[in-house]
Amino acid sequence: MALAQVVYQISTDKDFAVRMQTDPERALGERGWSLSKEEVAFLLSTLRRNTEQTEIRRLVKPLLARGWR
Amino acid sequence: MRLVLPVGIGAAESREDPSRWALLPGLCCQAAGGDPQAAIEISSAWLLLYIAAHIVDDVEDGDLEGDVSALGGPGSAINVANGLFLSASLLLLSLHEKKDTQSLASQISADFYNTILIMTSAQHYDLTNEHLTLKEWWQVAEAKSGSFFSLACRCGARLGIDDPEKIQGYSDFGFHLGVMLQILDDIEDLHPIFSSQGKNFPANVQKSLAMAYAFDVLPEVDKIELKERINTTPREPQMVESVVEILDRCGAGLYMKAEAEKHFNLGIKSLQVASPSSPAGEKLASLLHQLKLDEGQSEE
């Protein structure tokens with residue numbers, strides 16, 4: 001469940017989020033967490049863009065509009 | 001359980017038509033070097049079981065509108081589901097009679113029945129527990145959706161190849177695709193919280209991945225607050241907003257996107273292990289790409 005813990009920390013601790021962007025290996029290592037390089041890459045690319053894209057409303061609406069079901 | 005009911009005749013290639021998942025056994029068979037025609041019974045049995053499971057799932061969840069209502073109510077719906085289960089079983093039995101499949105018929109049938117038992121056990125756990133921890137949510141999602149899609153791909157691939165490592169690759173590909181579908185389904189299930197209908201938060205919202213995540217990561221004081229807000233009746237718009245605000249604040253959306261991305265990457269990797277570049281392999285990869293929660297999807 002490391003991914004859940006890292007996401008929570010990124011979302012609630014600005015210093016940790018900044019440190020993840022500058023030195024993710026160290027930021028994770030200090031807390032004893034380990035993520036795959038793909039997981040780190042995804043989190044960093046999201047942080048660089050805009051975390052508003054991950055708001056619940058923004059995730060739910062397009063799925064419904066897409067009518068994929 | 002994901003809905004894979006056909007929603008339009010002749011629309012199997014459509015991105016919006018969930019019946020396209022019934023193509024998985026044939027595509028995996030073809031990508032593995034076999035004749036996709038040999039997978040017809042497996043595809044048909046798999047789709048019938050999926051429809052049956054969907055019907056039973058709706059009845060068990062108390063979701064009696066839509067398909068259950070169209071079938072004449074819960075009693076009739078269960079009867080239809082029983083017919084579908086047995087029809088699927090007859091199709092699996094017919095594998096013994098075909099030259100292409102008779103040597104694998106027993107193995108494939110046993111795989112189907114074992115997978116259904118795993119799915120049923122997970123469904124029972126889901127039904128008999130009011131709340132799921134994050135770990136339990138994943139166990140249920142993997143057993144119900146991951147294992148079923150894994151079955152489709154594994155059985156199809158077996159008709160084309162006997163290399164255990166490659167068969168496992170197809171099996172893993174199906175597993176990650178099934179888990180991605182479950183994540184998307186769960187995100188979609190959050191929609192009712194924005195609806196003004198109903199006094200309470202719907203049960204499937206309370207058992208969603210977003211809630212399981214929030215209750216796993218939030219400090220105790222925030223958990224109590226979230227629980228109180230969810231249980232407040234009648235459900236007022238400002239209370240809904242405050243629940244959504246807590247979910248956003250703790251990163252529930254980011255977590256679901258990150259997990260979907262993780263399973264996308266693992267699915268692509270599994271496919272690379274299983275299948276060299278081929279039209280069928282590319283089609284399988286495109287099915288996974290269609291599920292990606294990319295920027296385009298997440299914009300309003």
- If every non-hydrogen atom of Val7(A) is compared with every non-hydrogen atom of Gly251(B), which pair is closest and at what distance? CG1-O, 3.4 Å
- Message: Looking at every heavy atom in both Thr12(A) and Arg249(B), which two are closest together, and how far apart are they?
- Response: CG2-O, 3.8 Å
Donor-acceptor contacts under 3.5 Å from residues 218-226 of chain B side chains, at least two apart:
residue   : atom : partner   : partner atom : Å
Lys223(B) : NZ   : Phe215(B) : O            : 3.2
Glu225(B) : OE2  : Arg229(B) : NE           : 3.4
Glu225(B) : OE2  : Arg229(B) : NH2          : 2.0

Pairwise distance [atom1]([X]) to [atom2]([Y]) - rounded to 0.5 angstrom:
X: Lys37(A); Y: Asn265(B); atom1: NZ; atom2: CG; result: 10.5 Å
X: Ser11(A); Y: Asp248(B); atom1: OG; atom2: CG; result: 9.5 Å
X: Ser208(B); Y: Ile56(A); atom1: OG; atom2: CD1; result: 8.0 Å
X: Arg58(A); Y: Ile187(B); atom1: CZ; atom2: CD1; result: 15.0 Å

- State which residues pass salt bridge (Lys or Arg N to Asp or Glu O under 4.0 Å) with Lys262(B); sequence neighbours excluded, sorted by chain then number. Glu39(A), Glu259(B)
- Item | Contacts of Lys269(B) that satisfy side chain to side chain donor-acceptor pair (under 3.5 Å) - sequence neighbours left out | Glu38(A)
- Note on the structure: Result for side chain to side chain contact (heavy atoms under 4.5 Å, CB included) between Leu254(B) and one of Val6(A), Leu59(A), Leu47(A), Thr46(A) points to Thr46(A)
- Okay, Leu3(A) and chain B: the region with an atom under 4.5 Å from a heavy atom over there is both
- If one checks every heavy atom of Tyr8(A) against chain B at 4.5 Å, the contacting part turns out to be both
- Choice from Val244(B), Leu247(B), Val217(B) maximising heavy atom contacts with chain A below 4.5 Å: Val217(B)
- Counting only heavy atoms closer than 4.5 Å, note whether Tyr255(B) contacts chain A via side chain, backbone, both or neither. both
- By number, which residues in residues 16-25 of chain A have some heavy atom less than 4.5 Å away from chain B? none
